[in-house]
Student: 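Got a structure here, written out as structure tokens. Questions coming.
The figures that follow rest on heavy atoms only: side chains count, while hydrogens, waters and symmetry mates do not. Just so it is clear, the structure is predicted and the values come from calculations on it, not from any experiment. Chain letters run A, B, ... following the sequence lines, proteins first, then strands; residues in each count from 1.
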Amino acid sequence: MIFVIDTSSAMTALAVIDESGVVEREEVFPTIRNLSMADHLRSLAGAAMPAKIAVATGPGSFTGLRVGVSFGLGLAMGLRIPIVPLPTLDLQAARSDEPATAVSEAGRGRVYYQLPGGEPALGEASEIPKTYRLVGWVAPKTEAALEQSSHVLRPERELRTFGQAAAIVLEKAREVPYGSLKLEYMQSFASKSI
Amino acid sequence: MALTLGIETSCDETSVAVVQDGRKVLSNVIHSQVDLHKDFGGVVPELAARDHLERLPSLLDLALDNANIKPSDLDLIAVTRGPGLAGCLLVGVGVGEGLAAAWSKPLTGVNHLWGHTYAAMLAQPDLQPPLLGLVVSGAHSDLVRMPEHGRFEVIGRTRDDAAGEAFDKAARMLGLGYPGGPALDRLARTGDPKRRPLPRPSLEGLEYSFSGLKTALLYRLRDLGGSLTEQDRADLAAAFEHSVVESLLEKLDQALTASQSQEGVVCGGVAANTLLRKRSEEVVAGRARLTMPPLDLCTDNAAMIAAAGYSTSPLAGEVGRSPGGAFRPAVVDPSLSW
Ligand SMILES: [Zn+2]
């Protein structure tokens, strides 16, 4: 079984996928504090043992991202099983059956976004090109800002489930050494003037 | 015999350790991020968090190897839960939770400040509470009383800067590199604190304040302007250090008198300062036994977290009673949440 953990956006998503890509179970719920990742994953997985851990590595919310990625890393290291990073925006893009711009919450009114075939970018709602409809999980406030800028978020019912999308992204994803798991922030750190 | 794995990621040191019975360090591997943050003149939280994540895997392997144990030999995992940089703490806690789930081991959260105090227990095998501690670091200048294991009372603290922070800022004003504390210590050794004295801050009760002293140094440097010589810089470094150290010890002295404690502990990153170590001996001598951890246990490290976790954990009763088997319920300290 492959355990998939995504805490990088406004929703926390967990999935248990078998080796052939069939989604056994999945759970998506609004990201909350005081969440026991182990309890959630355990109740979702039942008696299943993971052979591989996949984690969404962002870009996304600083706090959430770290919670899922570090838990997944600890679990993989502890069980001596592979860890596979999954780019957050690729996961969202894979939920759409037509070309769409993937988005995720960046906080402070900003959004991470990625056009089909493009690279992740960071900007305000108004800066995102309107070529495609959007797919992704953002905070209600951000969703309102996107709609204000006349963006169209594809409704959940038209999209693949998180688990189905994860299975698609997993086909091309590769495991990395434990120490090479990188969080994607896309923020630059200007040298502080003294 | 109980073995505790400690994890520390609260600031810019990544560390993993194995400690036996809360007293004996079997391994304590530390990676300092000083080089990563040097160009910024201070710790950049986002870079620090990312680095913790990348360093922890190899440090974990090394800590287990050096201790010559297997994960199954462990009884408890202890991780720093705070205070510290929020994003950095999340990485340690998250990895700790993942390991606890994978190995079915109880996981406990440790207050970083307690950790510094427990570093003294690793240095002095028969040290027991009640004790009085001065915890001095880049983030703390706290006088703490530990009446028994797991009970801490902060009886004095700083109103503004922590002592280590004051040293860093003074070092910056004096044009020394980052990190400033050790550089200021070295420069002060060649100076005379009496030649260009600075005021010694003194507040009522057991409170500290170092911002006035910092301003005094700034004005002194401004007055000297272009005529500032190398010797002036060394003298001012020595004067600054003298004022901070004497201020710290004045309150420790008061607290010792009031508490009649037989055990005194001076710990934390600033306890690596040469003058503070020397003067602590002189001030505490004859009043109480003084324990100062060796230098590698003064700065942030996971051995002290393991020691504190072992001695203070609400899960102490669970030690040795973990259910066994992989990915089974591990007992997690309920205070460990994000
Ligand atoms: Zn510290």
Side-chain angles (χ1 to χ4, degrees), chain A residues 1 3 5 7 31-43 45-51 53 55 57-58 61-81 83 85 176-194, chain B residues 7 9 36-47 49-61 64 71 74 77 79 86-105 107 169 172-173 175 178 325-330 332 334-338:
Chain A
M1 291 297 160
F3 286 10
I5 305 169
T7 56
T31 295
I32 43 151
R33 292 175 71 87
N34 298 331
L35 168 84
S36 167
M37 198 65 68
D39 288 349
H40 269 271
L41 206 49
R42 213 176 272 119
S43 67
M49 276 295 291
I53 306 290
V55 287
T57 49
S61 123
F62 279 12
T63 303
L65 186 55
R66 275 186 284 242
V67 169
V69 170
S70 48
F71 175 78
L73 177 65
L75 194 56
M77 286 195 296
L79 295 172
R80 293 268 142 213
I81 56 175
I83 188 142
V176 295
Y178 297 139
S180 316
L181 199 58
K182 296 206 192 304
L183 300 170
E184 273 200 62
Y185 291 140
M186 301 200 40
Q187 313 267 7
S188 58
F189 306 101
S191 181
K192 216 165 40 176
S193 55
I194 297 162
Chain B
I7 301 173
T9 62
L36 183 66
H37 303 291
K38 214 165 43 190
D39 294 344
F40 298 94
V43 178
V44 184
E46 296 313 320
L47 294 182
R50 197 189 315 217
D51 204 49
H52 286 310
L53 190 75
E54 290 172 20
R55 301 285 175 181
L56 273 175
S58 56
L59 295 182
L60 173 69
D61 284 346
L64 293 172
L74 290 167
I77 302 175
V79 58
C88 293
L89 291 163
L90 281 176
V91 173
V93 170
V95 167
E97 281 185 312
L99 291 173
W103 296 337
S104 299
K105 301 292 178 187
L107 174 71
K169 288 176 180 170
R172 202 174 293 172
M173 287 185 225
Y178 172 84
F327 203 50
R328 297 276 160 67
V332 175
S335 68
L336 268 178
S337 52
W338 55 282

Student: Looking only at heavy atoms, which two atoms of B:Trp103 and A:Gly78 are closest? And how far apart?
Tutor: NE1-O, 2.9 Å

Student: At a heavy-atom separation under 4.5 Å, does A:Leu183 approach chain B through its side chain, its backbone, both, or neither?
Tutor: both

Student: Which one of B:Val95, B:Val91, B:Leu99 satisfies the side-chain contact (heavy atoms from CB on, under 4.5 Å) criterion with A:Leu73?
Tutor: B:Val95

Student: Among A:Arg66, A:Met77, A:Arg80, A:Lys182, which has the most heavy-atom pairs under 4.5 Å with chain B?
Tutor: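 Maximum pair count with chain B is reached by A:Arg66.
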
Student: Side chain, backbone, both or neither: which part of B:Leu59 has an atom under 4.5 Å from a heavy atom of chain A?
Tutor: neither

Student: Using side chain to side chain contact (heavy atoms under 4.5 Å, CB included), reason through B:Leu53 and A:Ser70 one step at a time and then give a plain yes or no.
Tutor: CA-CA 7 Å; B:Leu53 190 75; A:Ser70 48; 4.0 Å; yes

Student: Which heavy-atom pair separates B:Ala102 from A:Gly74 by the least distance, and what is that distance?
Tutor: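 Closest heavy-atom pair between B:Ala102 and A:Gly74: CB-O, 4.5 Å.
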
